[in-house]
K.L.:
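Structure in structure tokens, see below.
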Amino acid sequence: MEWNDRVVVLDHPIVQHKLAILRDKHTPSNEFRDVVRELSLFETYEATRDLPLTNVFIQTPIAPFDAKQITGRKVAFVPILRAGLGMVDGALEVIPRARVGHLGMQRNEETHEPESYYDKLPRDIASRRVYVLDPMLATGGSAEAAVKYLREAGVSGTIRFLCLVSAPEGIERLLAADDDLIIYTCAIDDGLNENAYIVPGLGDAGDRIFGTE
Ligand SMILES: O=P(O)(O)OC[C@H]1O[C@H](OP(=O)(O)OP(=O)(O)O)[C@H](O)[C@@H]1O
Ligand SMILES: O=c1cc[nH]c(=O)[nH]1
Ligand SMILES: [Mg+2]
């Protein structure tokens with residue numbers, strides 16, 4: 001499958017610097033949470049680059065001016081619990097008026113497939129531009145289930161999946177699952193280990209965000 005325009009890697013030096021902090025096993029939970037929030041802000045900024053603008057006539061203190069402002073479809077952020085919760089505040093700093101839906105999923109430790117335990121979406125999700133948030137894209141099972149759920153809920157148009165670290169296996173699976181989807185990631189790692197963890201990765205994102213290791 002061609003990844004060309006469907007996978008955006010944030011290779012900015014500040015992003016790579018902060019990602020190294022997340023990867024370091026000595027980084028404590030409080031700092032880990034802060035950096036997840038910061039990277040999520042940068043990634044949301046990048047993923048909202050194509051929001052439509054409209055002309056708005058304003059008056060500056062000096063002169064009248066045809067300014068540009070964001071209009072059009074409204075935004076929804078949909079974190080996959082738990083780890084995706086760590087990305088919500090950063091995303092909301094970029095689009096404060098966005099709505100937030102939640103999808104609760106936990107990978108089964110033996111099969112590595114996700115089990116769904118919660119969902120709550122904005123009532124008008126079908127008319128919103130949707131950004132799914134989850135720091136880790138490993139096998140792609142959780143992301144695929146989330147995207148299928150959103151399609152069944154009526155979401156149309158491009159779904160943007162925002163993660164911090166991804167594995168090639170997960171990218172391949174997610175792109176194959178939905179043909180109108182773009183993945184944003186700060187890194188594409190080597191692959192998965194026997195427990196379906198990303199290598200080198202950063203460990204279990206949920207445990208590191210919430211200090212439950
Ligand atoms: O691509 P996949 O193979 O599906 O793996 C990625 C999923 O695993 C992690 O969640 P986890 O199940 O550990 O739940 P948690 O966020 O509650 O820790 C992670 O946050 C993703 O949701
Ligand atoms: O490497 C991984 C894989 C799944 N979930 C995580 O939190 N980390
Ligand atoms: Mg976890």
Side-chain angles (χ1 to χ4, degrees), residues 1 3 6-7 9 18-33 35-37 39-40 43-44 77-91 100-121 130-151 159-178 181-213:
M1 165 157 330
W3 290 9
R6 305 188 62 200
V7 182
V9 181
K18 289 184 184 290
L19 186 57
I21 297 171
L22 293 188
R23 289 191 191 277
D24 186 341
K25 71 176 191 178
H26 298 297
T27 300
S29 264
N30 60 330
E31 190 181 358
F32 192 91
R33 266 197 305 274
V35 174
V36 167
R37 184 187 55 76
L39 285 174
S40 307
E43 202 162 64
T44 305
F77 296 122
V78 180
I80 302 178
L81 311 186
R82 288 173 300 164
L85 287 175
M87 298 179 69
V88 174
D89 286 352
V100 182
H102 294 85
L103 295 177
M105 279 181 215
Q106 174 83 54
R107 281 202 322 182
N108 180 299
E109 281 180 15
E110 263 120 54
T111 65
H112 307 135
E113 286 301 306
E115 291 166 0
S116 169
Y117 60 83
Y118 182 77
D119 60 82
K120 185 78 180 177
L121 298 175
V130 174
Y131 298 75
V132 180
L133 311 177
D134 191 330
M136 309 307 282
L137 178 60
T139 67
S142 307
E144 179 182 6
V147 168
K148 287 195 165 148
Y149 187 87
L150 289 166
R151 292 296 185 209
I159 292 179
R160 292 162 181 85
F161 186 85
L162 276 55
C163 60
L164 303 183
V165 180
S166 55
E169 294 91 328
I171 292 176
E172 199 69 41
R173 178 168 172 178
L174 185 55
L175 293 183
D178 193 287
L181 178 138
I182 303 175
I183 297 169
Y184 293 82
T185 183
C186 300
I188 302 174
D189 278 9
D190 298 339
L192 303 174
N193 68 12
E194 61 283 4
N195 297 318
Y197 275 84
I198 300 175
V199 182
L202 49 74
D204 188 301
D207 281 343
R208 296 198 64 192
I209 290 168
F210 295 107
T212 46
E213 293 174 278

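In listed order, ligands and their atoms are each counted from 1.
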K.L.:
To which protein heavy atom is atom 7 (O) of ligand 2 closest, and what is the distance rounded to 0.1 Å?
P.N.:
Ala205 N, 2.8 Å

K.L.:
Output the list of atoms in ligand 1 that are nearer than 4.0 Å to some heavy atom of Met136, sorted by atom number.
P.N.:
6 (C), 19 (C), 21 (C)

K.L.:
By number and element, which atoms of ligand 1 are closer than 4.0 Å to a non-hydrogen atom of Gly206?
P.N.:
18 (O)

K.L.:
Atoms of ligand 1 less than 4.0 Å from Ala83 heavy atoms?
P.N.:
16 (O), 20 (O)

K.L.:
Can you find a non-hydrogen atom of Gly203 under 4.0 Å from ligand 2?
P.N.:
yes

K.L.:
How far is atom 1 (O) of ligand 2 from its nearest protein heavy atom, and which residue and atom is that?
P.N.:
Ile198 N, 2.8 Å

K.L.:
At what distance is the nearest protein heavy atom to atom 17 (O) of ligand 1, and which residue and atom is it?
P.N.:
Arg82 NE, 2.8 Å

K.L.:
Got the closest protein heavy atom to atom 13 (O) of ligand 1, with its distance?
P.N.:
Asp204 OD2, 3.8 Å

K.L.:
Does a side chain donor of either Asn108 or Glu115 reach within less than 3.5 Å of an acceptor in the other side chain?
P.N.:
yes

K.L.:
Determine the minimum heavy-atom distance between Leu103 and Leu121, stating which atoms define it.
P.N.:
CD2-CD2, 4.3 Å

K.L.:
So if I count the atoms of ligand 2 from 1 in the order they appear, which ones are less than 4.0 Å from some heavy atom of Ala138?
P.N.:
3 (C), 4 (C)

K.L.:
If you have a sec, work out which protein heavy atom is nearest atom 22 (O) of ligand 1 and how many Å separate them, to one decimal?
P.N.:
Asp134 OD2, 2.4 Å

K.L.:
After noting the C-alpha distance and the side-chain angles of Thr27 and Val35, does the key distance pass the side-chain contact (heavy atoms from CB on, under 4.5 Å) rule?
P.N.:
CA-CA 10 Å; Thr27 300; Val35 174; 5.9 Å; no

K.L.:
Test of understanding: given a 4.0 Å heavy-atom threshold, classify the contact between Glu113 and ligand 1 as side chain, backbone, both, or neither.
P.N.:
neither

K.L.:
Protein non-hydrogen atoms only, distance under 4.0 Å: does atom 7 (C) of ligand 1 have such a neighbour?
P.N.:
yes

K.L.:
List the atom of Leu164, the atom of Met87, and the distance in Å for their closest heavy-atom pair.
P.N.:
CD2-CE, 4.1 Å

K.L.:
To check your reading of the model: name the closest protein heavy atom to atom 4 (O) of ligand 1, its residue, and the distance in Å.
P.N.:
Ser142 OG, 2.6 Å

K.L.:
Could you establish whether Arg107 and ligand 2 come within less than 4.0 Å of each other, counting only heavy atoms on the residue side?
P.N.:
yes

K.L.:
Which atoms of ligand 1 are found less than 4.0 Å from any heavy atom of Leu81?
P.N.:
16 (O)

K.L.:
Would you say atom 10 (O) of ligand 1 touches the protein, meaning some protein heavy atom is under 4.0 Å from it?
P.N.:
no

K.L.:
Any N/O/S atom, backbone or side chain, of Asp207 lying under 2.8 Å from the Mg ion (ligand 3)?
P.N.:
no

K.L.:
Within the 3.5 Å criterion, strictly below it, is a donor on Arg107 or Thr139 matched to an acceptor on the partner's side chain?
P.N.:
no

K.L.:
Could you pull out, from Ala143, Cys163, Gly140, the option with a heavy atom nearest to atom 1 (O) of ligand 1?
P.N.:
Gly140

K.L.:
Would you say Ala205 contacts ligand 1, with heavy atoms under 4.0 Å as the rule?
P.N.:
no

K.L.:
Using the side-chain contact (heavy atoms from CB on, under 4.5 Å) rule, take Tyr117 and Leu81 through it: C-alpha gap first, then chi angles, then the decisive distance, then the call.
P.N.:
CA-CA 9 Å; Tyr117 60 83; Leu81 311 186; 3.4 Å; yes

K.L.:
Please could you name the atoms of ligand 1 that Gln106 approaches to less than 4.0 Å, counting only its heavy atoms?
P.N.:
12 (O), 14 (O), 17 (O)

K.L.:
Students should be able to answer this: which protein heavy-atom is nearest to atom 5 (O) of ligand 1, and at what distance?
P.N.:
Arg107 CD, 3.3 Å

K.L.:
Can you name the atoms of ligand 1, numbered from 1 with element, that are less than 4.0 Å from a heavy atom of Thr139?
P.N.:
1 (O), 2 (P), 3 (O), 4 (O)

K.L.:
Any N or O of Ala138 that comes nearer than 3.5 Å to an N or O of ligand 1?
P.N.:
yes

K.L.:
Taking heavy atoms and a distance under 4.0 Å, where does Ala196 meet ligand 2: side chain, backbone, both or neither?
P.N.:
backbone

K.L.:
In terms of residue, atom name and distance, what is the protein heavy atom nearest to atom 2 (C) of ligand 2?
P.N.:
Tyr197 CD2, 3.3 Å

